[in-house]
Protein chains: 2
Amino acid sequence: MNLISEKTIERLILYRGLLLQANHENESGIYSHQLARMAGFTPAQVRRDLMQVGYTGSPARGYDKAKLIQSISALVDPAEKREIALAGIGSIGRAILAYFHGRSSLLEITAAFDTDPEKTGRVIHGCRCHPVDRLADIVRERGIRTGILCVPAGAAQSVTDALVEGGIRGILNYAPTRLIVPPDVYVENRDMIMAVEKVVYFSGLKTGQRKENG
Amino acid sequence: MNLISEKTIERLILYRGLLLQANHENESGIYSHQLARMAGFTPAQVRRDLMQVGYTGSPARGYDKAKLIQSISALVDPAEKREIALAGIGSIGRAILAYFHGRSSLLEITAAFDTDPEKTGRVIHGCRCHPVDRLADIVRERGIRTGILCVPAGAAQSVTDALVEGGIRGILNYAPTRLIVPPDVYVENRDMIMAVEKVVYFSGLKTGQRKENG
DNA sequence: TTAACATTGCGAAAATTTTCACAGCAAATA
DNA sequence: TATTTGCTGTGAAAATTTTCGCAATGTTAA
Ligand SMILES: NC(=O)c1ccc[n+]([C@@H]2O[C@H](COP(=O)([O-])OP(=O)(O)OC[C@H]3O[C@@H](n4cnc5c(N)ncnc54)[C@H](O)[C@@H]3O)[C@@H](O)[C@H]2O)c1
Ligand SMILES: NC(=O)c1ccc[n+]([C@@H]2O[C@H](COP(=O)([O-])OP(=O)(O)OC[C@H]3O[C@@H](n4cnc5c(N)ncnc54)[C@H](O)[C@@H]3O)[C@@H](O)[C@H]2O)c1
């Protein structure tokens, strides 16, 4: 099996989300053109993406929603429960803890880190908070592979170094900083300012642009 | 001048951010390979992107940082100050208000909206809060073109309809919902769950993937 | 003055991503 | 039973994006 592109993975995750939302409808099957309309892509794009997951639909009934969800999950979900670490329990850090809490049984934020002694030693939205000096050790001990970074820009690189030291494999970065990591650590940047600037730019164009994922 | 692609705009905005951060260094010029290293792209990619902004560097001195920042800004920034509306003053809504407050003189969140009477009628992080029924009117009156959506999933479409009714041109959407909008309204989706799922997927691969923007 | 050098701008090639177009198929219909 | 219908899966074409390769160019050094 050759590698599936980042864009395809993004779209597959989106399809799964849409299917989960649409799962209450009475129909058990769904056609590529229906999924395409929901997602904002072309039917051909949807079929091409679904080829990659190996689940095959029927020309008569389309794709079975439940089975498709299952097939996408088999591809994108980890085999077992994954713990996630969060660094920086400030305003977004806390919002993310609140939002994530109890949402998924497969993915759970189980350790949060901060320098502020007001925050460490407590449990916030179900998540135990630790001083940041213990980050590398805790990440290593628990085999945590994924981190969410919500510290101020000035602390982003040093906290990243600690995450990497602990053996992290992927970071979702909300700080407006380009992190330096070894080539086998995956980083997804989510700078809000840049996102707003982009939307403002497209808000100013006369001709409408395509919508996109994220 | 033919249209600049979404990806190029994203990268240009990133370059500007990196240049602003690096502006304190003593050198006034910068080479494509330096910018490329900072951004995580190839030098050829950087030069190709910079072609689009029209500012031309010198083989000897590279690009003048200040002039490059200015050229990119001329392309991506609005001509005058832009007001931004924010809907949903919950945990992320508030975090965004706090984070944005006083950060930019060109872009400012000047109106926030919520259903909760506890929140409306107040000023939060410098931003006046209004009941959501007044959203369309206020957006129209003030000519607001850009909106940030932080309401619960169930309210996302109806609040979007109000934004569109008010004449919005672009939406930064934090709700896990695919919004239905007219084709000339730009939507950038920022679903956090999907982002985490993606990072978790890449955290599980043996072979490292490319880092990417956002 | 001249040669060596590192870089830009950009045409063209390469790689990747998306779309087209249609064979093949199961169900519905006549 | 034969025919029509509308879908999937996919090879191939088209479009888009990235990278390559190099002439042109200003700078430095001899
Ligand atoms: N608030 C937003 O909407 C928003 C959006 C996008 C990105 N961001 C970015 O996210 C980051 C945090 O933003 P915020 O608004 O939550 O800020 P904040 O000041 O509310 O929170 C930052 C937190 O990080 C902690 N911290 C500081 N240094 C640390 C370190 N070395 N190790 C661990 N923790 C440390 C602080 O104690 C604090 O709790 C910033 O980089 C910001 O640019 C914020
Ligand atoms: N918290 C996060 O980190 C996070 C991250 C990504 C996305 N989101 C999404 O952002 C949205 C908000 O998340 P949150 O954690 O801030 O939730 P929250 O419950 O803290 O805030 C939601 C706010 O929206 C208001 N609201 C409800 N209906 C409204 C309406 N019709 N018009 C205007 N305002 C209305 C509520 O009064 C509340 O103030 C959700 O869709 C969530 O999925 C949250």
Side-chain angles (χ1 to χ4, degrees), chain A residues 1-15 19 27-69 71-72 75 198 202 207 209-214, chain B residues 1-15 19 27-68 71-72 75 198 207 209-214:
Chain A
M1 147 198 149
N2 52 351
L3 221 55
I4 300 179
S5 81
E6 211 162 304
K7 288 182 149 191
T8 300
I9 291 294
E10 258 178 30
R11 286 190 302 257
L12 288 172
I13 289 173
L14 171 62
Y15 300 148
L19 288 166
E27 283 301 313
S28 75
I30 192 167
Y31 296 114
S32 62
H33 65 86
Q34 298 177 291
L35 247 185
R37 187 163 29 72
M38 291 190 260
F41 309 134
T42 64
Q45 176 80 82
V46 170
R47 292 203 298 278
R48 183 62 68 184
D49 290 335
L50 294 189
M51 271 178 72
Q52 310 260 339
V53 318
Y55 172 66
T56 215
S58 114
R61 262 163 281 100
Y63 305 92
D64 182 86
K65 283 187 214 165
K67 282 185 187 150
L68 185 48
I69 290 169
S71 302
I72 296 176
L75 179 72
K198 183 179 166 190
F202 286 108
T207 44
Q209 299 293 300
R210 280 249 305 289
K211 273 143 281 167
E212 84 154 26
N213 43 41
Chain B
M1 149 196 149
N2 51 352
L3 220 56
I4 300 179
S5 81
E6 210 163 305
K7 288 180 149 194
T8 299
I9 291 294
E10 258 179 30
R11 285 190 303 257
L12 289 172
I13 289 172
L14 171 62
Y15 300 150
L19 288 166
E27 283 301 312
S28 75
I30 193 167
Y31 295 114
S32 61
H33 65 85
Q34 298 178 291
L35 246 186
R37 188 163 28 73
M38 290 191 261
F41 308 136
T42 64
Q45 176 80 83
V46 170
R47 292 202 298 276
R48 182 62 64 185
D49 290 335
L50 295 189
M51 271 177 71
Q52 309 261 341
V53 317
Y55 171 67
T56 216
S58 113
R61 260 164 284 98
Y63 304 92
D64 182 87
K65 283 188 214 163
K67 283 185 186 149
L68 185 48
S71 302
I72 295 176
L75 179 72
K198 183 179 165 191
T207 45
Q209 298 294 300
R210 279 250 306 289
K211 274 144 278 168
E212 87 153 25
N213 43 40

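Remember, predicted model here, so these are calculated numbers, not experimental data. Chain letters run A, B, ... following the sequence lines, proteins first, then strands; residues in each count from 1.
Closest to the side chain of B/Tyr31, from the set C/dT8, D/dT10, C/dC10, is C/dT8. Picking from D/dT17, C/dC20, C/dA27 the nucleotide with the shortest atom distance to the side chain of A/Ala60 gives C/dA27. Proximity note for A/Pro59 (side chain, C-beta onward) versus D/dT19, C/dC20, D/dC7: the nearest is D/dC7.
Nucleic acid contact for B/Arg61: sugar-phosphate only, since backbone atoms but no base atoms lie under 4.0 Å from a heavy atom of the residue. No engagement by A/Thr8 is indicated, since no non-hydrogen atom pair under 4.0 Å with the nucleic acid exists. Note on A/Ser5: only backbone sugar-phosphate atoms sit closer than 4.0 angstrom, heavy atoms only; bases stay farther off.
Phosphate contact (OP1/OP2 of C/dG9, side-chain N/O of B/Arg47, threshold under 4.0 Å): absent. Between B/Tyr63 and C/dG9, a side-chain N or O to OP1/OP2 separation shorter than 4.0 Å is present. For the pair A/Ser58 and D/dC7, the criterion of a side-chain N or O lying under 4.0 Å from OP1 or OP2 is not met.
The nearest whole Å value for the distance from the CD1 atom in B/Ile9 to the C1' atom in D/dT17 is 15 Å. The CG-P distance, from A/Leu50 to D/dC7, rounds to 15 Å in whole Å. Atom pair B/Ile4:CD1 and D/dT16:P shows a separation of 15 Å (rounding to whole Å applied). For the pair A/Leu12 CG and C/dT17 P, the computed distance is 13 Å after rounding to whole Å. The distance from atom CD of A/Gln52 to atom P of D/dT10 is 11 Å, rounded to the nearest whole Å. Between B/Met51 atom CE and C/dA12 atom P the separation is 13 Å, expressed in whole Å. Going from atom CD of B/Gln34 over to atom P of C/dT8 covers 9 Å, rounded to whole Å. In this entry the distance linking NZ of B/Lys7 with P of D/dT16 reads 13 Å, nearest Å.
Looking only at distances, a side-chain donor or acceptor of B/Lys65 sits under 3.5 Å from a matching main-chain atom of B/Glu27. Within the 3.5 Å criterion, the main-chain N or O of A/Tyr31 finds a donor-acceptor partner in the side chain of A/Gln34. With hydrogens and angles ignored, the 3.5 Å screen pairs no side-chain donor or acceptor of B/Lys67 with any backbone N or O of B/Gly57.
At a cut-off of 3.5 angstrom, counting only N and O atoms as typed in the model, there is a donor on one side and an acceptor on the other between the side-chain of B/Arg48 and the base of D/dT19.
Rounding to the nearest 0.5 Å gives a distance of 12.0 Å between CD of A/Gln52 and CD1 of A/Ile72.
Using cut-offs of 30° and 60° on the angle between ring planes, the pair B/Tyr15 and B/Phe41 is perpendicular.
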